[in-house]
Every structure is written in C-alpha cells, then in structure tokens.
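Contents: one structure, followed by commentary.
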Amino acid sequence: MTTYQIPSLVASKVSPSAHALLQKVHRFVETECIPADAVFDAQQPTDPAKRFLNTYPAIIDTLKARARAQGLWNLFLSQKHYPEGVPLTNLEYGLMAEIMGRSLIASEAMNCSAPDTGNMEVLAKYGSPAQKAQWLTPLLEGNIRSAFVMTERHRASADAKNINLEITRQGNEYVLNGTKWWSSGAGDPRCKLYLVMGKSDASNPNPYKQQSVVIVPAGTPGVQVRRALSVYGYDDAPHGHCEITFTNVHVPLENMVFGPGRGFEIIQGRLGPGRIHHCMRSVGAAERALEYMIARVNDPDRKTFGKLLSEHGSILEWIAKSRLEIDAGRLLVLNAADKIDNSDAKGAMSLIAQAKVYVPSMSLAVIDRAVQAHGAAGVSQDFPLARMWAHQRTLRIADGPDEVHLNQLGRTENRRSKEIEDKIAMQTKKTQELMQEFGIRVRANL
C-alpha cells in the first residue's frame, strides 16, 4: 500500500508529528475501516422497526478501540482553538478528514463524525464548566452521541431568522414547544443530548438576538422522535435524520448555552469548521470513486468492441477531468482551513463558502462518472457509489444551500466595484497620456 501524499503546496505547513499521524490514519482507513464498511451494513437489523433507537453495529466499538489505542482519536478538535483539543491545525486535520471520507464509518471510528464534532466544538467554546463536565467529557470519550436540532419542517430554515420553535422562560426553567426535522444523529440509541436552536425573544428588535441554543437531554418528557427521514431511499441507520416534536419540554435554566440570544453567534462558530470537515470528506469520497472508476475501466472482462474501456477516448477524458477537479477542490478547502488557522472561521467566511459550493458538486460529478463507468452495477447495492452519490447530494443543502453561499460570495465580490472602477479609470487615463506622449493617433473603435 502506498503512503499518503501530502500536496506539495502545503507540505511545509504539516508538522513532522502530523505527517506521521497522517500515515497512521491512512493505514487505518485503508486496511481496517474500508473492509469493515460492509460488516457495518450487515450488522444492521433488516426489520425497519428495529433500525433506530434500538441497536447499532458492534463492529464500530471494535474499530473505536483500535483507533484509540493508536492515538487516532478526537483529531478534529484543534488545540490552537480549544484547550481540550489535540495539537493539530485545521489544515492538518483537513488532510486527515479527506482520508476518513473514503470510508462510511472511519470518522465515527475515530470519534470525528458529525454532528458530534460540531456539538463538541460548541460545548468546548461556549459551554459552562458544568455543561462541559456533564456532556463534553462523555462525548470526547466516545461514550455517548448527540444531535444538532435546528431545521424546521414548515419554515425556510436556510434563513435562520425564520427558526420558530418557542423557548419560553417559566420560573427556573425553559419550556420548548415546536417541531424540528432533519435532526441528524437523533435515531442512534447512544444519542443522549440535543442542542436545540429556537426563538427565545421574538420581540427583540435585533433579529439576530432572538434565537438561543439550549441543551435538551434525550428522553426528556415531551420529546418525541416521530420518524426517520430517508435520503434518496437510504435511511442512514442507526444515525438517522429525524423529525422530532417538543411539547411542553422543561429544561433547567443552566441548560442555556452561552446565554439567551446568542444562538446566531453559536451556529456561525459551529458551522464554519464543520463545513470544512464536510468538504474534505467529500474530496476523499471523490478520490475513492475515481479509484473505482479506474479499476472498472481496466478490467479485462469488461471490454467493449474488443478494447478495454480505458482505451476509449471519452473514458480517459473522464479520468483526466476527475483528477483536475479533485485537486482543485482539495486546494480550495485547504486554503480555507489555513485561513481559519491564521484568523478564525469568520475571517475565512468567503473561502469556506467557495469550498462549500464547489466541492460537493465536484464530488457528485466524479461519482457520477464512476457510476456511468460501472453501468447498471453503479446504481446497485453491490458497489458503494450510489450511496456515496446520495450522501454528497445532501451536502449541497446541508449547512446552508449553495444559493446562500453563492449570494454571499457574490455580494463580497461585488463590493470591489468602486476599487475596480477607479483602477480601470486610472489605467484608461494612463493609456491616453502615453498615446499623446508617443504621438499615436487614437483610432475609432468600429
């Protein structure tokens, strides 16, 4: 097995210890996690009634023990930003997340899977000492899992100001009422807490101060997980993407995270690094799809018209395009990760948006070519490509749809208009002066 090749453009930014860790992650994913993906599926109950809130595949505990024994644990939490973290930069972890993205279960095996990663970052950055002790510690230990509960079925949740679940103070408690859906992770029997975003001060004149985030322990009276939603037919058990109702759910005041009205601040701090993690895993998925494509088109049993598929020009073009697009996407994400390391997620907002828009679409295109190269087998359960495509398609919506990020990018770029106009005017004036200086008669433009 070859070693992982760090892109030369960022190689100098990867420490010797991180380089060694990258190779360990690479070996663990390639030799243990990818072979175990099929076991994970096979250990799932076939009875739909037992796929959620009931059990989970035993193979994951075996892999978690092996990962932890090798020091491959909580790699996402950078010590640069969190005292509970590990000595890795966001750029270094981004390279590791790419490798994890090649496997269905590698991220969870190393305690680096969403939504727990984002929730742990929230608790590490904004949680009180008591909240950290009760919830962050067992999450870091991998003893429990969690869900982030934000999106609402009857609201356009891409605009978080529309979030409408009610959080009302009554004495020494908050009372929650409302419905959420696409609450990823809520179907897992190990899920013990929800981070719930809702509206706590609807009358606040500042629309960005109306929302708050509270901790709701799973099993609190009034919480009902109503159903798991499917993604192009996949239920993603036992993780699940659930619809949850909150009916007169009471939690103590100390379950408020960071204080009332701080919801927007929290989600922006949470979503920035999370988008980078998703994008790097998408790069890894695209790399694996390209490998499947190359293997398929060079299979001597798959010749058409007397030639290997790879001997047909269009197939070679697919491979070349995929290589170009994957490498471009990787550099976009690493550029954003490096910016976070040198400022913060807010300072890297435009770079994060660029990666978030480009990379999932790139991954979809590469996977689609791999599917096409496999023919009917590509859309079947015999290969991981169909599931990979379904997952990548959700990422054009999750953590903000493409359109929101494109709008943000367009506004940011358009702010340069005055600077650009002034520069062009200066250059035009200078051209006219040079024309006069050298006695050149300006010809009319026809």
Side-chain angles (χ1 to χ4, degrees), residues 1 29-31 33-48 51 57 59 98-107 228-241 278-279 281-329 358-398 402:
M1 186 180 69
V29 171
E30 293 293 325
T31 64
C33 294
I34 291 176
D37 281 345
V39 179
F40 183 89
D41 277 341
Q43 289 182 337
Q44 296 273 25
T46 56
D47 182 350
R51 289 175 65 81
I59 187 67
E98 175 190 337
I99 300 169
M100 294 178 205
R102 297 168 62 85
S103 163
L104 173 68
I105 58 177
S107 293
L229 300 156
S230 64
V231 179
Y232 287 100
Y234 295 98
D235 64 8
D236 289 347
H239 183 71
H241 312 284
H278 277 316
C279 287
R281 287 191 289 267
S282 294
V283 172
E287 281 282 11
R288 191 171 177 208
L290 177 56
E291 289 181 358
Y292 269 98
M293 189 195 320
I294 292 171
R296 185 74 169 191
V297 301
N298 287 286
D299 183 347
D301 292 331
R302 303 286 174 181
K303 289 183 178 180
T304 59
F305 308 106
K307 297 196 299 185
L308 293 172
L309 292 176
S310 62
E311 294 175 323
H312 295 278
S314 60
I315 300 293
L316 291 177
E317 182 180 329
W318 291 356
I319 293 172
K321 281 184 176 180
S322 298
R323 179 76 278 144
L324 290 168
E325 292 162 5
I326 291 170
D327 287 353
Y358 177 84
V359 171
S361 292
M362 173 278 294
S363 186
L364 284 168
V366 174
I367 295 169
D368 189 66
R369 293 180 194 124
V371 168
Q372 195 73 7
H374 283 72
V379 299
S380 76
Q381 71 270 37
D382 288 357
F383 292 88
L385 298 169
R387 177 187 282 183
M388 289 164 63
W389 190 93
H391 176 69
Q392 293 302 316
R393 184 61 184 83
T394 68
L395 296 182
R396 292 192 56 208
I397 301 170
D402 288 359

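In this structure, Thr304 OG1 and Ile315 CD1 are separated by 8.0 Å, a value rounded to the nearest 0.5 Å. For the atom pair CZ (Arg369) and NZ (Lys321), the distance works out to 6.0 Å, reported to the nearest 0.5 Å. Remark: His374 NE2 to Arg302 CZ distance equals 8.5 Å, nearest 0.5 Å.
Annotation for Arg296 and Ala373: closest pair CG-O, 3.5 Å, computed over non-hydrogen atoms. In terms of heavy atoms, Val29 sits closest to Ser103 at CG1-CB, 4.1 Å. In plain terms, the two heavy atoms of Glu325 and Tyr358 that are nearest each other are O-OH, 3.3 Å. In this structure, Arg51 and Pro45 approach most closely via the heavy-atom pair NH1-O, 2.8 Å. Considering every non-hydrogen atom in both Ala285 and Met388, the closest pair reads O-CE, 3.1 Å. Between Leu385 and Ile367 the shortest heavy-atom distance is O-CG2, 3.5 Å.
Lys303 has its side chain out of reach of Glu311: every pair of non-hydrogen atoms, C-beta onward, lies at least 4.5 Å apart. Using a 4.5 Å heavy-atom threshold, the side chains of Leu364 and Arg396 count as touching. Proximity of Pro57 to Ile105: side-chain heavy atoms (C-beta onward) are nowhere separated by under 4.5 Å. No side-chain heavy atom of Cys33 sits under 4.5 Å from any side-chain heavy atom of Phe40.
More than 12 heavy atoms of other residues, nucleotides or ligands shown are found within 6.0 angstrom of CD on Gln44.
Screening Leu309, Leu308, Leu316 for a side-chain contact (heavy atoms from CB on, under 4.5 Å) with Val297, the sole residue that qualifies is Leu309.
In summary, Arg323 and Glu287 engage in a salt bridge, as defined by a charged side-chain N under 4.0 Å from a carboxylate O. The existence of a salt bridge linking Arg387 and Asp37 is excluded, since no basic side-chain nitrogen approaches an acidic carboxylate oxygen closer than 4.0 Å.
In this structure a side-chain-to-backbone donor-acceptor pair under 3.5 Å is missing from Ser363 to Pro360.
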